[in-house]
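Below you'll find the structure, written out as structure tokens, and then a few comments.
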Amino acid sequence: QLLDYHRGPLKAVVLEEGAPHSHVAIVARALDVPIVGQLRDVAQRIEPGDLVIVDGDHAQVLVRPSEDVRHIYRRSLLARDARRARYVAVRHLPPTTRDGVRVSINVNAGLLVDLQNFAELGADGVGLYRTEVPFMMRTDLPDVDSQRELYEAVIAAVEGKPVIFRTLDIGGDKVLPYWEQAEDENPAMGWRAIRVAFDRPALLRQQLQALVQATAGHELSVMFPMIATCEEFRFGRRLLDQALARERRCGRPLPTRVRCGAMLEVPALLYQLEPLLADIDFLSVGTNDLFQFLFASDRGSYRVSHHYDVLSPVPLTVLRTVAEHCRQRGVPLGLCGEMAGQPLDAMALLGVGFEDLSVAPPAVGPLKEMVRSLALTPLKQFLDQLTSRQHGNLRPILRAYARDHDIVI
């Protein structure tokens with residue numbers, strides 16, 4: 001429903017329920033629309049025509065504010081505009097740390113509207129294109145030609161920059177109105193993503209055929225979501241190879257290069273890294289699902305989601321382990337979860353070995369400013385010491401480190 005609104009008139013979203021990492025929150029952030037949830041009975045408390053201030057940064061909703069409060073927020077908006085002007089000033093500068101490490105900052109997208117001003121973002125490419133989002137906005141299943149036209153438009157919009165297409169991640173709370181919905185007690189851990197393709201392989205075959213055709217003369221990078229075993233990745237890779245062979249037999253032009261990767265979202269894959277890294281061309285970590293499964297914390301549940309912080313020793317140790325394995329095997333590693341969109345969290349990711357991040361378009365400027373203000377070598381040394389001491393929550397300590405070292409967060 002959120003995607004049905006026009007971006008211009010839509011100024012904010014207020015929810016009676018919702019959680020920070022739910023998909024509606026992710027879409028709202030991608031649209032650069034403030035969103036605040038967990039406001040019980042808010043629909044009964046706000047009358048049509050009421051003036052409302054929605055402060056997404058501080059999770060506040062002010063109904064019928066006084067003129068003094070309105071004046072304070074007007075000044076806050078002016079300060080935000082000044083920050084955005086700083087981001088514009090650095091948008092075409094490389095995101096290089098003070099000690100010379102080049103970090104790759106990409107965008108997450110799911111709609112062409114996310115890419116309409118792509119050149120102005122100063123991003124290195126698209127680290128995650130959510131192919132299921134256009135499917136969710138239709139009333140029927142798109143055929144190969146329709147999908148090919150969409151992917152061609154994505155390639156054109158980025159003007160030669162790389163794009164990583166994630167195959168369909170439907171299921172869970174991402175429902176297609178024209179598609180059979182599984183009755184799982186825990187939909188996020190049920191029939192979704194690559195698991196759907198096992199039972200409905202034609203769906204993935206058609207999508208891969210469209211991707212191969214759309215990227216003729218370009219590089220094709222495709223990754224499969226929700227991979228729990230190496231065999232699941234090999235299944236997807238076989239279908240991709242079949243799509244390439246089919247186009248070759250028909251004498252059609254092919255992509256100049258094909259890269260096939262997996263998303264690390266299921267903790268079981270952590271114990272299969274060595275055989276997985278031997279099969280894949282790249283790995284991308286999806287922290288949203290990885291940590292909800294790691295902590296058994298439903299990302300859509302406000303009651304438990306705020307109990308577990310990604311800036312704590314366990315998740316950072318997991319991420320460091322993944323980064324070390326990829327570095328040793330020479331496998332490119334990226335991260336496209338929401339964790340990368342917050343400058344402080346992204347700073348910690350750099351400290352544990354991630355140098356390729358993909359975020360919602362509005363986060364590119366703040367991340368670039370943060371990267372250019374830090375020295376990476378001492379940060380990595382600090383993170384090594386910090387996680388070994390097993391502090392419960394590292395967020396205050398990391399914030400203090402950023403303040404003491406003039407890192408812009």
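No hydrogens, no waters, no symmetry mates; every other heavy atom, side chains included, goes into these values.
Contact check on Arg64 versus Glu47 returns no salt bridge, with no Lys/Arg side-chain nitrogen under 4.0 Å from an Asp/Glu carboxylate oxygen. Ionic pairing of Arg237 and Asp279 is not present here: no N-O contact between side-chain nitrogen and carboxylate oxygen is shorter than 4.0 angstrom. One finds no salt bridge joining Arg195 and Asp169 here, because no Lys/Arg side-chain nitrogen approaches an Asp/Glu carboxylate oxygen to under 4.0 Å. A salt bridge is absent between Arg102 and Glu355: the closest approach of a Lys/Arg side-chain nitrogen to an acidic carboxylate oxygen does not fall below 4.0 angstrom. A salt bridge between Glu231 and Arg238 is present, with a side-chain N of the basic residue lying under 4.0 Å from a carboxylate O of the acidic one. With respect to the salt-bridge test (charged N to carboxylate O, under 4.0 angstrom), the residues Arg148 and Asp145 qualify. The existence of a salt bridge linking Arg80 and Asp57 is excluded, since no basic side-chain nitrogen approaches an acidic carboxylate oxygen closer than 4.0 Å. With respect to Glu219 and Arg257, a salt bridge is recorded, a charged nitrogen being found less than 4.0 Å from a carboxylate O. The pair Glu324-Arg329 does not count as a salt bridge, with every side-chain nitrogen at least 4.0 angstrom from each carboxylate oxygen.
In summary, the side chains of Arg98 and Ser373 do not present any donor paired with an acceptor at a separation below 3.5 Å, with no hydrogens or angles considered. No donor-acceptor contact under 3.5 angstrom links the side chains of Gln147 and Gln206, judged on distance only. Side chain to side chain, Asp289 and Gln292 meet the donor-acceptor criterion of an N or O pair below 3.5 Å.
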Could you go step by step and tell me if Phe291 and Tyr308 meet the ring pair (Phe, Tyr, Trp, His ring centres under 6.0 Å) rule? CA-CA 9 Å; Phe291 291 140; Tyr308 304 98; over 10 Å; no

Between Asp143 and Ser146, is the side chain to side chain donor-acceptor pair (under 3.5 Å) condition met? List the steps. CA-CA 5 Å; Asp143 58 17; Ser146 299; 2.9 Å; yes

Stepwise, does the salt bridge (Lys or Arg N to Asp or Glu O under 4.0 Å) test hold for Arg395 with Asp309? CA-CA 8 Å; Arg395 191 171 294 274; Asp309 198 325; 2.7 Å; yes

Before giving the answer on side chain to side chain donor-acceptor pair (under 3.5 Å), spell out for Asp68 and His71 the whole-Å C-alpha distance, their side-chain angles and the decisive distance to 0.1 Å. CA-CA 5 Å; Asp68 288 344; His71 178 68; over 6 Å; no

In sequence, state the C-alpha distance, the side-chain angles, and the governing distance for Asp99 and Thr377, and then conclude on side chain to side chain donor-acceptor pair (under 3.5 Å). CA-CA 7 Å; Asp99 48 352; Thr377 300; 3.2 Å; yes

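When atom types are taken as modelled, the side chain of Arg86 and the backbone of Ala82 share no donor-acceptor pair closer than 3.5 angstrom.
Of all the heavy atoms in Cys260 and Phe224, the pair that sits closest is SG-CE1, 3.4 Å.
Using a 4.5 Å cut-off on side-chain heavy atoms (C-beta onward), Tyr151 and Thr215 make no contact. Side-chain contact between Leu376 and Val371: absent, with no pair of heavy atoms (C-beta onward) separated by less than 4.5 Å. You'll find the side chain of Val103 stays beyond 4.5 Å of the side chain of Asp356, heavy atoms only. At least one side-chain heavy atom of Pro134 sits less than 4.5 Å from a side-chain heavy atom of Tyr129.
Leu290 contributes atom CG, which lies 10.0 Å from atom CE of Met339 (distance to the nearest 0.5 angstrom). Interatomic distance, His325 NE2 to Leu270 CG, rounded to the nearest 0.5 Å: 9.5 Å.
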